[in-house]
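These notes concern the structure reproduced below.
Every chain is numbered from 1 and lettered A, B, ... according to where its sequence line falls, protein lines coming before strand lines.
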There are 2 protein chains.
Amino acid sequence: MNFQKRKQNILDKLNVTGEVDVKELAAELGISEITIRRDLNQLANDGLLYRTHGGGMKVDPLAKPIDFVNKSAQNAEVKDLICRKAAEHIHDGDIIFMDCGSTVFRLCQFIKNKKIKVITNSLPVIYELQNCAVSLNIIGGEYNAERQAVHGKIANEHIARYRTGKAFLGVDGISQNGLFANSELEAEITLAYINQSAYTYMLCDAGKVGKETYLKFADINQVGAIITNADDSKLDCFKDTALAILKVK
Amino acid sequence: MNFQKRKQNILDKLNVTGEVDVKELAAELGISEITIRRDLNQLANDGLLYRTHGGGMKVDPLAKPIDFVNKSAQNAEVKDLICRKAAEHIHDGDIIFMDCGSTVFRLCQFIKNKKIKVITNSLPVIYELQNCAVSLNIIGGEYNAERQAVHGKIANEHIARYRTGKAFLGVDGISQNGLFANSELEAEITLAYINQSAYTYMLCDAGKVGKETYLKFADINQVGAIITNADDSKLDCFKDTALAILKVK
DNA sequence: TCGATTTTGATTATTTTTGAACAAATCAGC
DNA sequence: GCTGATTTGTTCAAAAATAATCAAAATCGA
């Protein structure tokens with residue numbers, strides 16, 4: 001039982017249980033506690049675990065990518081309906097923006113075989129599309145771990161360098177009075193996309209329609225179309241606007 | 001029983017059991033331990049196994065989602081030595097560049113719990129560092145699927161907007177005459193990093209040292225230090241330069 | 001065949017790894 | 001705060017593995 005094997009053992013256990021204990025490990029591996037401690041210290045030194053009194057813990061206790069997939073899976077059927085409809089508006093040769101929302105993410109599965117160029121600030125979108133027909137352009141700037149996307153001043157400036165035919169975006173709220181976001185970061189980048197694309201599609205499940213929340217960042221006439229499963233009563237509010245309404249289901 | 005046959009034997013056993021033991025092999029093959037050790041060292045040098053005390057283990061048995069890791073596992077032992085040394089030069093509060101080479105990628109594991117900011121064009125690096133203490137900045141621009149990184153004009157301009165204290169870079173060849181690359185894309189982005197960082201560390205295994213290949217893109221005096229396992233005879237060529245040489249092993 | 005080169009093995013010295021003992025630091029309870 | 005128990009760091013010693021050196025054996029090319 002050499003160091004490499006113990007290291008593997010310790011990391012395996014760490015992955016399963018999230019924490020390890022010096023005494024437990026010593027007993028399980030049939031090795032002295034002082035050696036286990038040395039192992040843990042080296043692993044901690046290499047950044048592979050957090051050293052605690054009496055043992056160690058995982059460096060990153062929560063696996064974010066899975067979180068995102070789970071969140072994106074909420075209301076998945078509706079989102080997939082919306083995205084399938086959106087994909088009908090994307091054709092070979094198109095250059096499109098995709099934002100970092102969980103709805104837009106589900107658009108990936110429907111465009112993998114299209115010969116298009118996608119410009120996005122969303123890391124999950126990039127992972128999802130990186131080995132298929134789609135050619136990718138990544139918006140640069142500060143990475144926001146919680147949103148798994150790039151945001152901020154540099155990102156907005158980066159977007160301003162490109163022009164596309166279509167943008168596919170999500171939003172926290174939409175009504176006849178405009179678009180609403182729960183955070184400035186999201187608002188700014190969404191607005192940047194809108195400004196740089198000839199036509200904007202908003203992908204909104206019924207819960208977002210008619211909702212006016214926190215920060216208004218754009219007028220409704222800046223948007224070309226909304227793709228939604230909301231029923232007519234909710235969509236009534238758009239009757240005096242030029243918004244194209246694409247209903248699903 | 002010549003070296004080729006023993007080598008085959010050792011690799012076969014490695015594939016089946018995942019590990020080998022010097023004493024066991026010596027007994028099984030009817031050959032002295034010192035010879036087995038020499039064999040293992042050579043195999044390790046070729047990146048075909050991971051040398052341990054008393055034997056060897058399979059290279060990187062855990063398959064990561066990104067197959068990049070496999071490439072990076074070639075010569076992993078040496079690369080890890082180099083990267084561990086590099087990590088000693090990175091401290092909390094630092095802002096650093098990391099490029100998209102397979103050597104630099106292995107630096108990730110040693111900096112996960114440092115409170116630093118990393119600016120990179122490498123997707124595997126981002127993936128590896130995205131849920132730890134490191135704060136990330138992604139270089140934007142066109143994504144190159146083969147290299148799993150962002151390259152090109154926009155990327156270079158993006159880099160030019162930042163200044164950092166240190167850059168950790170790979171290269172295809174390095175000698176007293178300068179830095180060499182096998183592609184223009186790599187050359188340009190490496191040069192962009194060099195120009196925007198106060199101090200540059202080149203991470204080069206012995207095979208790169210003294211090699212002059214394809215395209216020279218920078219002078220040796222633009223580099224601060226080289227971290228390498230090359231021996232003194234190879235490093236002699238730098239004796240008239242200001243290059244700091246950090247040797248490992 | 002001969003001499004030169006490479007490979008292998010034996011011996012010795014060095015390094016690495018491991019464990020034990022003990023002092024210092026840390027934690028948990030009051 | 002204090003006290004006792006636990007954990008840790010340090011130092012040292014033993015064991016194992018390795019590197020270094022040199023000699024013997026095998027291989028190779030002429």
Five pairs at each end of the helix from C:dT1-D:dA30 to C:dC30-D:dG1: take the axis at both ends and give me the angle between them to 10°. 50°
Distance check needed: [N] [atom2] versus [X] [atom1], whole Å only.
{"X": "A:Arg6", "N": "C:dT16", "atom1": "CZ", "atom2": "C1'", "value": "12 Å"}
{"X": "B:Ile36", "N": "D:dA16", "atom1": "CD1", "atom2": "C1'", "value": "18 Å"}
{"X": "B:Gln42", "N": "C:dT7", "atom1": "CD", "atom2": "C1'", "value": "12 Å"}
{"X": "B:Leu25", "N": "D:dA17", "atom1": "CG", "atom2": "P", "value": "13 Å"}
{"X": "B:Leu29", "N": "C:dT8", "atom1": "CG", "atom2": "C1'", "value": "14 Å"}

Mind checking what makes side chain to side chain contact (heavy atoms under 4.5 Å, CB included) contact with B:Glu33, not counting sequence neighbours? B:Val22, B:Lys23, B:Ala26, B:Arg37
Sequence-distant partners of B:Gln4, side chain to side chain contact (heavy atoms under 4.5 Å, CB included), two or more places apart: B:Asn2, B:Lys7
Measure the CD-CD1 distance between A:Glu142 and B:Ile119 for me, rounded to the nearest 0.5 Å. 8.5 Å
Quick one: does B:Asp99's side chain have a donor or acceptor within less than 3.5 Å of a partner on B:Gly170's backbone? yes
At less than 4.0 Å, is any side-chain N or O atom of A:Thr35 found next to OP1 or OP2 of C:dT18? Yes or no. no
Hey, does the side chain of B:Ser32 come within less than 4.0 Å of C:dT8's phosphate (OP1/OP2), counting only N and O? no
Run the numbers on B:Asn182 and B:Thr213 for side-chain hydrogen bond (donor to acceptor under 3.5 Å, both in side chains), then give the verdict. CA-CA 7 Å; B:Asn182 285 328; B:Thr213 174; 2.9 Å; yes
Who pairs with B:Glu184 by salt bridge (charged side-chain N to carboxylate O under 4.0 Å, His left out), at least two apart in sequence or on another chain? none
Apply ring-ring contact (aromatic ring centres under 6.0 Å, His included) to B:Tyr199 and list each qualifying residue two or more places apart in sequence or on a separate chain. B:Tyr201
Generate the contact string for nucleotides 6-14 of chain D. Rules: B means base contact, S means sugar-phosphate contact only, - means no protein heavy atom under 4.0 Å. -SBSB----
Does NZ belonging to B:Lys216 count more than 12 external heavy atoms closer than 6.0 Å? yes
